[in-house]
Amino acid sequence: MKASEFKKRRKQLMQRVGAGNIALISSASVRTRNRDVDYPFRQDSDFYYLTGFNEADALAVFVPGREEGEYILFCREFDETKALWEGAHAGLEGATKHYSADEAFPIGEADERLPDLLAGKRKVFYPMGQNADLDAGVLDWINQLRQKARSGVTAPHELSALEQILHEMRLFKSAAELKLMRHAAEVSAQGHIKAMQACQAGRHEYQIEAELVYHFMQAGLRAVAYPSIVAGGKNACTLHYTGNTDMLKGGDLLLIDAGAECDHYAADITRTFPVSGTFSDAQRELYQLVLDAQYAAIGQVKPGATWIQPHDAAVEVLARGLVKLGLLKGSVKKLIKDEKYKAFYMHRTGHWLGMDVHDVGDYKINGEWRTLEPGMVLTVEPGLYIPADYKKADAKWRGIGIRIEDDVLVTEDGCEVLTHSVPKTIADIEALMQQAH
């Protein structure tokens, strides 16, 4: 992503923060996996959104109207030994030259310099409660200023959550962001196709997972957006199943929920398909019901609709279908009111999508479901899950778990399904898999 994109975001942030106030945000930390081995580093989404700076041990400070420079970055100094062992890093010169910081200082000088930067400011915006070191630092810096009150130094008198500003910004995707999300979506879509083609009885769930990750990496996307769910048979009834260890059986369905990440932007796709390439009659009936619910939900994704309308549309279709199939009995309206459908469909139909797979942004404004607007991206993912031990259901339904999920952009006149290239009709899935077999 171009430096101009991050600069535009910082300008927008400082306009919202306002003159006379200050905003702080720290980077993610390196996490130890075991002994002297670290987990792969992944930058904090909010920090990266504003800076594009992909290193640990950094603190970004935004001071609207500051003559010496509004954007100050505290980071690690360049270390030749570190570069030899771990690779290139920006250093102070790189922070200004390549990441457009107005000023850059060693991270070790933050405690010394922050009180002066906070002096005379009315309000401090920062992610409260998310980083214990930053929480403690802010309070310490403010207390230092309070001790100088007799010298005429004033300390900030109000703390405010930076997320209230930043997450509303992140909810609306720019053209540059959508380019990354479309690429993540297409690579992920092709990965799902490869997984369908590779699936056969006798293979293990982790082998299909390997097909997905292999394709993601071959396409240049080295990180998954979240741990992949590859759930055969009854495992699909566990919503966040990530064991991925069981052998696939002929006659079962396989549910895959997986997506790649492109420059910190996620894709999120779920498909459910028959291990042997052909749906049974019972699987076909349940699958078509979920697909019909998804089509109904996607039809409600448009400007002016409320967030809850796609969910309500999906629930209406699912409840009617469950009654028709004999899995629920009674008035559809009352079953929905009493939430009886939750025995088989217990989650919402979607969530925001962006730099985080469950992305930031409010779902309600002043207690009311918010209105969908162009630039928002959400998932649409209805499902049905009939537990294997659910004795009230006919045996033919038990142990079947189905979810169908796509990534959907709200446009000026409706919506765009970013993940449309993965087959999802029964005919298309069977045709693809039978060609592969």
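Treat the numbers as computed from the prediction; the structure is a model and nothing was measured.
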Point to revise | Test item: side-chain donor near acceptor, Gln309 and Lys302, under 3.5 Å | key: no

**Study point:** His351-Asp268 side chain donor-acceptor pair, cut-off 3.5 Å
**Key:** yes

Check your understanding: Which heavy atom in Asn244 sits nearest to a heavy atom in Glu209, and how many Å separate them?
Key -> ND2-OE1, 3.2 Å

Review point. Is Glu70 reaching over with its side chain to a backbone N or O of Met14, donor-acceptor style, under 3.5 angstrom?
Key: no

Check your understanding: Quick one: does Thr238's side chain have a donor or acceptor within less than 3.5 Å of a partner on Tyr241's backbone?
Key -> no

Check your understanding: What closest approach, in Å, do Ile193 and Pro423 show between heavy atoms, and which atom pair accounts for it?
Key -> CG1-CD, 3.8 Å

Check your understanding: Going by heavy atoms in the side chains, are Thr51 and Tyr71 under 4.5 Å from each other?
Key -> yes

Check your understanding: Within the side chain of Glu416, is there an N or O that forms a donor-acceptor pair under 3.5 Å with the backbone of Val408?
Key -> no

**Study point:** Whether Arg370 side chain and Tyr363 backbone form a donor-acceptor pair below 3.5 Å
**Key:** no

Check your understanding: Within 45° of the ring axis of Phe273 and under 6.0 Å from its six-membered ring centre, is that where the NZ or CZ of Arg271 lies?
Key -> no

Check your understanding: So, Gln43 and Glu55: side-chain donor and acceptor under 3.5 Å apart, yes or no?
Key -> no

Check your understanding: Can you check side chain to side chain donor-acceptor pair (under 3.5 Å) on Asp46 and His167, steps first, answer last?
Key -> CA-CA 8 Å; Asp46 285 339; His167 291 178; 2.9 Å; yes

Review point. Looking at Phe216, does the NZ or CZ of Arg222 lie under 6.0 angstrom from its six-membered ring centre and within 45 degrees of the ring axis?
Key: no

Exercise for review: Report the distance from atom CG of Asp79 to atom CG of Leu84, rounding to the nearest 0.5 Å.
Suggested key: 10.0 Å

Practice item. Any chance you could measure Tyr48, atom OH, to Leu50, atom CG, to the nearest 0.5 Å? Key: 12.0 Å

Point to revise | Check: Thr419 side chain, Asp407 main-chain N or O, donor-acceptor pair, under 3.5 Å | key: yes

Check your understanding: If you measure from the Lys or Arg side-chain nitrogens to the Asp or Glu carboxylate oxygens, is any gap between Arg9 and Glu5 under 4.0 Å?
Key -> yes

Exercise for review: Just do the side chain to side chain contact (heavy atoms under 4.5 Å, CB included) check on Glu381 and Ile404 with the steps written out, would you?
Suggested key: CA-CA 5 Å; Glu381 50 177 308; Ile404 307 170; over 6 Å; no

Check your understanding: Is the closest side-chain donor-acceptor distance between Ser421 and Glu186 under 3.5 Å?
Key -> yes

Point to revise | Asp281, CG: over 12 other non-hydrogen atoms inside 6.0 angstrom | key: no

Exercise for review: Would you check if there is a donor-acceptor pair between the side chains of Arg42 and Ser45 at a distance under 3.5 Å?
Suggested key: yes

Exercise for review: State whether a side-chain donor-acceptor pair under 3.5 Å links Thr278 with Gln434.
Suggested key: yes

Practice item. Side-chain contact test, heavy atoms from C-beta onward, threshold under 4.5 Å: evaluate it for Leu418 versus Asp406 and give yes or no. Key: no

Practice item. Apply side chain to side chain contact (heavy atoms under 4.5 Å, CB included) to Ile402 and Ile400, showing your working. Key: CA-CA 7 Å; Ile402 298 168; Ile400 296 178; 3.8 Å; yes

Exercise for review: Could you give me the CA-CA distance, side-chain angles and deciding distance for Arg203 and Glu211, then say whether salt bridge (charged side-chain N to carboxylate O under 4.0 Å, His left out) is met?
Suggested key: CA-CA 12 Å; Arg203 300 197 77 186; Glu211 296 284 348; 3.6 Å; yes

Practice item. Quick one: closest heavy-atom pair of Pro274 and Met433, and the distance? Key: O-CE, 3.0 Å

Point to revise | Closest heavy-atom pair and its distance - Ala184, Ala266 | key: CB-C, 4.3 Å

Exercise for review: Mind running side chain to side chain contact (heavy atoms under 4.5 Å, CB included) on Ile72 and Asp102 for me, showing each step along the way?
Suggested key: CA-CA 6 Å; Ile72 305 107; Asp102 296 315; 5.9 Å; no

Check your understanding: Taking the six-membered ring for Trp, are Tyr287 and Phe279 parallel (under 30°), tilted (30 to 60°) or perpendicular (over 60°)?
Key -> tilted

Practice item. Would you mind reporting whether Lys424 and Tyr295 have side-chain heavy atoms less than 4.5 Å apart? Key: yes

Practice item. Look only at the side chain of Glu158 and the backbone of Lys123, and say whether a donor-acceptor pair between them is shorter than 3.5 Å. Key: no

Check your understanding: Under 3.5 Å, is there a donor-acceptor pair between the side chain of Thr270 and the main chain of Glu405?
Key -> no

Review point. Is the number of heavy atoms from other residues, nucleotides or ligands under 6.0 Å of Tyr214 OH greater than 12?
Key: no

Review point. With a 4.5 Å limit on heavy-atom distance, are the side chains of Gln164 and Phe125 in contact?
Key: no

Review point. Using 30° and 60° as the class limits, which term best fits the ring planes of Tyr345 and His347: parallel, tilted or perpendicular?
Key: perpendicular

Solution key, residues 92-101 side-chain donor-acceptor pairs under 3.5 Å, sequence neighbours excluded:
| from | atom 1 | to | atom 2 | distance (Å) |
| --- | --- | --- | --- | --- |
| Thr96 | OG1 | Glu93 | O | 3.0 |

Review point. With no hydrogens and no angle check, is any side-chain donor or acceptor of Asp44 less than 3.5 Å from a backbone partner on Phe47?
Key: yes

Review point. Is the CZ atom of Arg320 crowded by more than 12 outside heavy atoms at less than 6.0 Å?
Key: no

Review point. What heavy-atom pair brings Leu253 and Gly401 nearest, and what distance separates the two atoms?
Key: CD1-O, 4.4 Å

Exercise for review: Please check if atom NZ in Lys11 has more than 12 non-hydrogen atoms from other residues, nucleotides or ligands closer than 6.0 Å.
Suggested key: no

**Study point:** Whether Asp359 side chain and Asp356 backbone form a donor-acceptor pair below 3.5 Å
**Key:** yes

**Study point:** Aromatic ring proximity, centroids under 6.0 angstrom, Phe344 and Tyr390
**Key:** yes

Exercise for review: Over all heavy atoms of both residues, which pair between Ala260 and Ala225 is shortest? Give the atoms and the distance, please.
Suggested key: O-CB, 3.8 Å

Check your understanding: Is it true that atom CZ of Arg284 has more than 12 heavy atoms of other residues, nucleotides or ligands lying nearer than 6.0 Å?
Key -> yes

Check your understanding: Angle class for the Phe78/His89 ring planes (parallel below 30°, perpendicular above 60°, tilted otherwise)?
Key -> parallel

Practice item. Go through the steps to decide whether Asp257 and Arg403 satisfy the test side chain to side chain contact (heavy atoms under 4.5 Å, CB included), and finish with yes or no. Key: CA-CA 9 Å; Asp257 188 338; Arg403 183 164 64 254; 3.0 Å; yes

Point to revise | Beyond-backbone contact of Tyr126 with Met128, side-chain heavy atoms, under 4.5 angstrom | key: yes

Check your understanding: How far apart are the C-alpha atoms of Arg31 and Asp38, what are their side-chain angles, what is the distance that settles it, and do they pass the salt bridge (charged side-chain N to carboxylate O under 4.0 Å, His left out) test?
Key -> CA-CA 6 Å; Arg31 303 288 183 178; Asp38 297 326; over 6 Å; no

Point to revise | Under 3.5 Å: donor-acceptor pair, side chain of Lys173, backbone of Leu353 | key: yes

